[in-house]
**Student:** 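Got a structure for you, written out below as structure tokens; questions coming shortly.
The sequence lines fix the lettering, A, B, ..., with proteins before strands; numbering per chain opens at 1.
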Number of protein chains: 2
Amino acid sequence: MDTYLKHLPECEAPGVCRACEARHGGLCSVLTANQLTELNRHSIRRRIDAGNEVIGQGETVGSYSNILKGVIKLSKMMADGRQQIVGLQFAPDFLGRPFLGESTITAEAATDTEICTFPRNVVDRMVSEVPDMERKLHNQSLKELDEAREWMLTLGRKTAQEKVANFLYLIATHIDPDRGNAQTFDLPLSRADIADFLGLTIETVSRQMTKLRKDGVIVIENNRHVIVPKLERLRDAAGID
Amino acid sequence: MDTYLKHLPECEAPGVCRACEARHGGLCSVLTANQLTELNRHSIRRRIDAGNEVIGQGETVGSYSNILKGVIKLSKMMADGRQQIVGLQFAPDFLGRPFLGESTITAEAATDTEICTFPRNVVDRMVSEVPDMERKLHNQSLKELDEAREWMLTLGRKTAQEKVANFLYLIATHIDPDRGNAQTFDLPLSRADIADFLGLTIETVSRQMTKLRKDGVIVIENNRHVIVPKLERLRDAAGID
DNA sequence: CGAGAAATTGAGTCCAATCAACCTCCGTGG
DNA sequence: CCACGGAGGTTGATTGGACTCAATTTCTCG
């Protein structure tokens, strides 16, 4: 962020940002209107269809993105094809790390997605001038760390039944964080993805879903569309304290 | 960190710090001698015997610590007693998050341990004045996140054999990061802890250790003492790409 | 409406859990 | 000094939950 900007009178946020879903939750929420204007000058909005990788092919390798809409899955794959999803990101999270060299993580759109991408060097420059920005990034890392560890407990110590219930509970509480009890939503992941998230096979996921349905914990409509009559019961089935 | 310190001529690091194992790797590595003096004024060195919790009981609830010696295990427990170890920390890592309200993580000394503890408020004050410190903390968080995700792949998709080999490989490469090939070390964890780390039972861990021994991948001496003739073979057994 | 993908269901197998016995290492006290 | 006792670890026999393989069924979408 150019230093002289600090001395300009505060102006309006760019129009495109004012209407932005992530203006208040995402990375941008720590920025002043002036800073936003500067950042916006370098940002690119992109649509990504379900199933496509988010990693810019060859182009600006290093970049940060705000997720405006949709769900991104982060996964790791072994040489023999075994795969594990290690995180899900919902709007208005931002995608920061995966692109940076080192990490062997793949980021892929689970649903149709919209993101707002900034070149890494611009963000890095702003980070060094706006301490709140580093703080914001740090907090997201800590949140992801907590989620990862929570999931380790699920992967290591829960039964297939509990795993599936846990997944449904996770989605129910993230997709549309509204009213407390009755929930209805579309699953952002296919059975294959769910299996890769839970460390199970497709068949086992399917069987456990059926069991939860027969037990009256959930109602299944279109394979993708799920209704949770009582969130409390799902929570219990998930073995969450 | 008191502002006036910035104007004093640079002085020597406190004696106790100069001899400190974590002076160059831990949180303190980003501090100048003056800052170190300030921090040191509030620090407490503690020994913690294996099996004891690190969380100060009631006392200074919020605190950061440098690990000077030993291994700390971070774990989560379910209401019915099922347990999962979600991270191991070695010197000179620092223990930062676990204590902070929210998180339901327990930190416990796996081996006899020495730590250097600072009250949270002092550290927080320094963080706001020394940007490098936030950066350092952020980087550790990112490191832990990478490790957690790596372990999720192990928990979700690897066989018991691969899990145990993975654990041994992890220890071999962290306990004493020296020469590349032949390794010899003491396991910092009991079989029960290893099981809780790998999402297995004690018996399965034991059987897989025996199998690795019979296959000549490792040599076992005192239950705790292990020799790895060829790190490469262990790596292969662990299914690491 | 039809074809292919995604999901469900079923039968049989196998890997890791469970239950149980035994061994080994230590420290302690008779 | 050795017997005892207990914790930690190993080994064996059996069980069971999730995987594999295979056949349908249900969705999706051109």
Side-chain angles (χ1 to χ4, degrees), chain A residues 49-51 73 78 80-84 110-112 154-168 171 186-215 218-226 237 239, chain B residues 49-52 73 78 80-84 110-112 154-168 186-215 218-226 237 239:
Chain A
D49 293 330
K73 59 182 208 222
M78 293 173 64
D80 61 10
R82 280 177 285 176
Q83 196 173 15
Q84 176 68 46
T111 64
D112 290 349
T154 300
L155 286 173
R157 288 305 184 195
K158 295 195 179 176
T159 64
Q161 176 81 200
E162 289 171 324
K163 284 180 176 180
V164 172
N166 237 269
F167 170 74
L168 293 172
I171 299 302
D186 278 322
L187 294 176
L189 266 55
S190 68
R191 297 292 188 274
D193 280 341
I194 298 173
D196 279 342
F197 195 26
L198 297 170
L200 298 172
T201 57
I202 312 176
E203 295 95 326
T204 300
V205 170
S206 180
R207 278 184 249 274
Q208 298 304 334
M209 296 270 285
T210 306
K211 184 151 190 310
L212 287 171
R213 177 170 55 71
K214 286 183 177 163
D215 292 351
I218 58 172
V219 179
I220 303 178
E221 298 197 331
N222 286 348
N223 286 346
R224 284 292 184 125
H225 196 75
V226 174
Chain B
D49 292 330
N52 289 106
K73 60 184 204 216
M78 293 173 65
D80 61 11
R82 279 178 285 176
Q83 196 173 13
Q84 176 68 47
T111 63
D112 290 348
T154 300
L155 287 173
R157 288 305 185 196
K158 295 196 180 176
T159 64
Q161 177 80 201
E162 288 170 325
K163 285 181 176 180
V164 171
N166 237 266
F167 170 74
L168 294 171
D186 278 322
L187 294 176
L189 266 54
S190 67
R191 296 293 188 272
D193 280 341
I194 297 173
D196 280 342
F197 195 26
L198 297 170
L200 298 172
T201 58
I202 313 176
E203 295 94 326
T204 299
V205 171
S206 181
R207 276 184 249 274
Q208 298 304 334
M209 295 271 285
T210 306
K211 184 151 190 309
L212 286 170
R213 178 171 55 71
K214 285 183 177 164
D215 292 350
I218 57 172
V219 179
I220 303 178
E221 297 199 329
N222 287 347
N223 287 344
R224 284 290 183 127
H225 197 76
V226 174

**Student:** Which residue, B:M209 or A:Q161, contacts DNA chain D at a nucleotide closer to its 5' end, judged by nearest heavy atom?
**Tutor:**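 The answer here is B:M209.
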
**Student:** What's the CD-P distance between A:E221 and D:dT28, to the nearest Å?
**Tutor:** 12 Å

**Student:** Is any side-chain nitrogen or oxygen of B:T201 closer than 4.0 Å to OP1 or OP2 of C:dA17?
**Tutor:**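 Yes.
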
**Student:** Rounded to the Å, how far apart are B:R157 CZ and C:dC15 P?
**Tutor:** 17 Å

**Student:** Quick check: does any side chain N or O of B:E162 sit under 3.5 Å from a backbone N or O of B:A237, one acting as donor and the other as acceptor?
**Tutor:**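 It does not hold such a pair.
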
**Student:** Over how many whole Å does the gap from B:H225 atom NE2 to C:dT24 atom C1' extend?
**Tutor:** 18 Å

**Student:** Of all the nucleotides listed (D:dT10, D:dA18, C:dT9), which has the minimum atom distance to the side chain of A:Q208?
**Tutor:**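 Of D:dT10, D:dA18, C:dT9, D:dA18 is nearest to the side chain of A:Q208.
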
**Student:** Any donor and acceptor pair, going by atom type alone, linking the side chain of B:R82 with main-chain N or O of A:R157 inside 3.5 Å?
**Tutor:** yes

**Student:** If you compare every side-chain N and O of A:T204 against the phosphate oxygens of D:dG17 (OP1, OP2), does one of them come in below 4.0 Å?
**Tutor:**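 A:T204 to D:dG17 OP1/OP2: no side-chain N or O under 4.0 Å.
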
**Student:** Could you walk me through whether B:M209 and B:L168 satisfy the side chain to side chain contact (heavy atoms under 4.5 Å, CB included) test, starting with their C-alpha distance in whole Å, then the side-chain angles of each, then the deciding distance to 0.1 Å, before giving a yes or no?
**Tutor:** CA-CA 9 Å; B:M209 295 271 285; B:L168 294 171; 4.1 Å; yes

**Student:** Is there a donor-acceptor pair closer than 3.5 Å between any side-chain N or O of B:D112 and the backbone N or O of B:D49?
**Tutor:** no

**Student:** Using a cut-off of under 3.5 Å, enumerate the N/O to N/O pairs linking the protein to nucleotides 5-9 of chain D.
**Tutor:**
from  : atom 1 : to     : atom 2 : distance (Å)
D:dG9 : OP2    : B:R191 : N      : 3.2

**Student:** Quick one: A:R82 CZ to D:dC19 C1', roughly how many Å, whole number?
**Tutor:** 13 Å

**Student:** Give me the one residue out of B:T210, B:I218, B:L212 that meets side chain to side chain contact (heavy atoms under 4.5 Å, CB included) with B:K214.
**Tutor:** B:T210

**Student:** Got a donor-acceptor contact below 3.5 angstrom from the A:E221 side chain to the A:V226 backbone?
**Tutor:** no

**Student:** To the nearest Å, give me how far apart NZ (A:K211) and P (C:dT9) are.
**Tutor:**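 Rounded to the whole Å, the gap is 14 Å.
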
**Student:** Looking only at heavy atoms, which two atoms of B:Q208 and B:V164 are closest? And how far apart?
**Tutor:**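 Taking every non-hydrogen atom into account, CB-CG2, 3.7 Å.
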
**Student:** Restricting both atoms to N or O, compile the protein contacts to nucleotides 10-12 of chain C shorter than 3.5 Å, with distance only.
**Tutor:**
from   : atom 1 : to     : atom 2 : distance (Å)
C:dG10 : N7     : A:R207 : NH1    : 2.9
C:dG10 : O6     : A:R207 : NH2    : 3.3

**Student:** Check the phosphate of D:dG17 against A:T159, side-chain N and O only, distance under 4.0 Å to OP1 or OP2. Yes or no?
**Tutor:**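 Checking A:T159 against D:dG17: no side-chain N or O falls below 4.0 Å of OP1 or OP2.
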
**Student:** Check the distance between C:dT8's P and A:I220's CD1 and give it to me in whole angstrom.
**Tutor:** 6 Å

**Student:** Starting from P on D:dA18, measure out to CG on A:L155 and report it in whole angstrom.
**Tutor:**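 Rounding to the nearest Å, CG of A:L155 and P of D:dA18 are 14 Å apart.
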
**Student:** Show which side-chain atoms of residues 187-194 of chain B pair as donor or acceptor with protein atoms under 3.5 Å away, not counting sequence neighbours.
**Tutor:**
from   : atom 1 : to     : atom 2 : distance (Å)
B:S190 : OG     : B:A192 : N      : 3.4
B:S190 : OG     : B:D193 : N      : 3.2
B:R191 : NH1    : B:N223 : O      : 3.1
B:R191 : NH2    : B:N223 : O      : 3.0
B:D193 : OD1    : B:K73  : NZ     : 3.0
B:D193 : OD2    : B:K73  : NZ     : 2.9

**Student:** Could you check whether any side-chain N or O of A:Q84 sits under 3.5 Å from a backbone N or O of A:D196, counting only pairs where one atom can act as donor and the other as acceptor?
**Tutor:**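 Answer holds: yes.
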
**Student:** Rounded to whole Å, how long is the line connecting atom CG of A:L198 with atom C1' of D:dG17?
**Tutor:**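 Between C1' of D:dG17 and CG of A:L198: 16 Å.
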
